Trainee: 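Below is one structure. I have some questions about it.
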Amino acid sequence: MGIMRIGHVDLNVLDIKATRDYYENIMGLTVEREDADGTLYMKCWDEWDKYSMVFRPSDESTFNKVAYKVEKDSDLDELKAKIEAYGIAAEILPAGTVAECGRILKFISPSDHEFNLYAEKTFVGKATGDRNPAPWPIDAKGIKPHWLDHTALMTAGPEKLMAAAKFFQEVLDFKLAEQICVGPEGSLQAAAFLSCSSTPHDIAFIAGPEAGMHHASFFLDGWSDILRAADIMGMSNVKIDVTPQRHGVTRGETIYFFEPSGHRLETFAGLGYLVQPDMPTITWTEDELWRGIFYHTGEEAGSFTSAYTLMATK
Ligand SMILES: [Fe+2]
């Protein structure tokens, strides 16, 4: 039983044509499905399931939900029982309710975000195939990240964050890889970085003024790819929030930037370290909070605390 990885992020966007152009030509994702209402389903070249991003035309730029993939369909029943036993309502939606997916286990996390778990999604394969593959697709455009790596969700204050982090550890079997602790004797988590694999984080929660999405993050190999990505952003007049930097947390190499509807994205590079079940949780203290987030300067940068995606209102 278990959650393997992030599956997709579902966002409302303001201008679907601009969204398509941006994600195809600058980010280098491909459109794998387009619904009659204009909804786009896109993927990165190194992903094999049908899509990892959903963009719905809307008059608001907001967050709908995030989905994670489990190993097998029966995991959904086991997880439903565990979630309900914990005191959180959960429901199974029939196959096809979410495009290209099998049964969905839907619940609202203590962070107030809708989560969908699924075991099956239409397989399309990597752009490089699975027979004597090239190391990367020669015809891919733009930044061309490997895959959607993680999302960072914002909670309304540290109490919601701590409830969510506890739930993800105790019910969904995530490991707390890193945390930023503030307040009296560090008793409040201001951020939590949780892993369900061997990577430093598959999801992060950041305490803020209200629930929302802080960013969605795409994986690149290393620092030279981060520099190249920033070059492409410069050539394309992409609004960069934080120029290439290293996170103290996760040791990741990063750029924060905004896509056309104002959703913050990240290109994240580097393995960081391997999370093993017995790895001790890394704690960043309040006096080194910003060192944890932006290691070189140790100072707040960009609009980290003031810009984020609001929750969908409809
Ligand atoms: Fe991130």
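Note that the structure is predicted; figures quoted are calculated from it, not measured. Note that ligands are numbered from 1 as they come in the structure, with each ligand's atoms numbered from 1 the same way.
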Trainee: Between NE2 of H150 and OE1 of E266, what angle is found at the Fe ion (ligand 1), rounded to 10 degrees?
Mentor: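 Between OE1 of E266 and NE2 of H150, at the Fe ion (ligand 1), the angle is about 90°.
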Trainee: For ring pair (Phe, Tyr, Trp, His ring centres under 6.0 Å), just list the numbers for Y295 and H247, CA-CA rounded to whole Å, side-chain angles, deciding distance to a tenth of an Å, and then say yes or no.
Mentor: CA-CA 5 Å; Y295 190 76; H247 288 310; over 10 Å; no
Trainee: Hey, which N, O or S atom on H215 ends up closest to the Fe ion (ligand 1)?
Mentor: NE2
Trainee: What I want to find out is whether K43 reaches E47 closely enough, with some N-O distance under 4.0 Å, to be called a salt bridge.
Mentor: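 Salt bridge: no.
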Trainee: Has H201 got an N/O/S atom less than 2.8 Å from the Fe ion (ligand 1)?
Mentor: no
Trainee: Answer with yes or no whether the hydrophobic clustering places L11 together with L29; edges join I, L, V, M, F, W, Y residues whose side-chain heavy atoms lie under 4.5 Å apart.
Mentor: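 L11 clusters together with L29.
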Trainee: Can you see whether F115 has K65 sitting over its ring - NZ or CZ less than 6.0 Å from the centre and within 45° of the normal?
Mentor: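 Output no; distance or angle outside limits.
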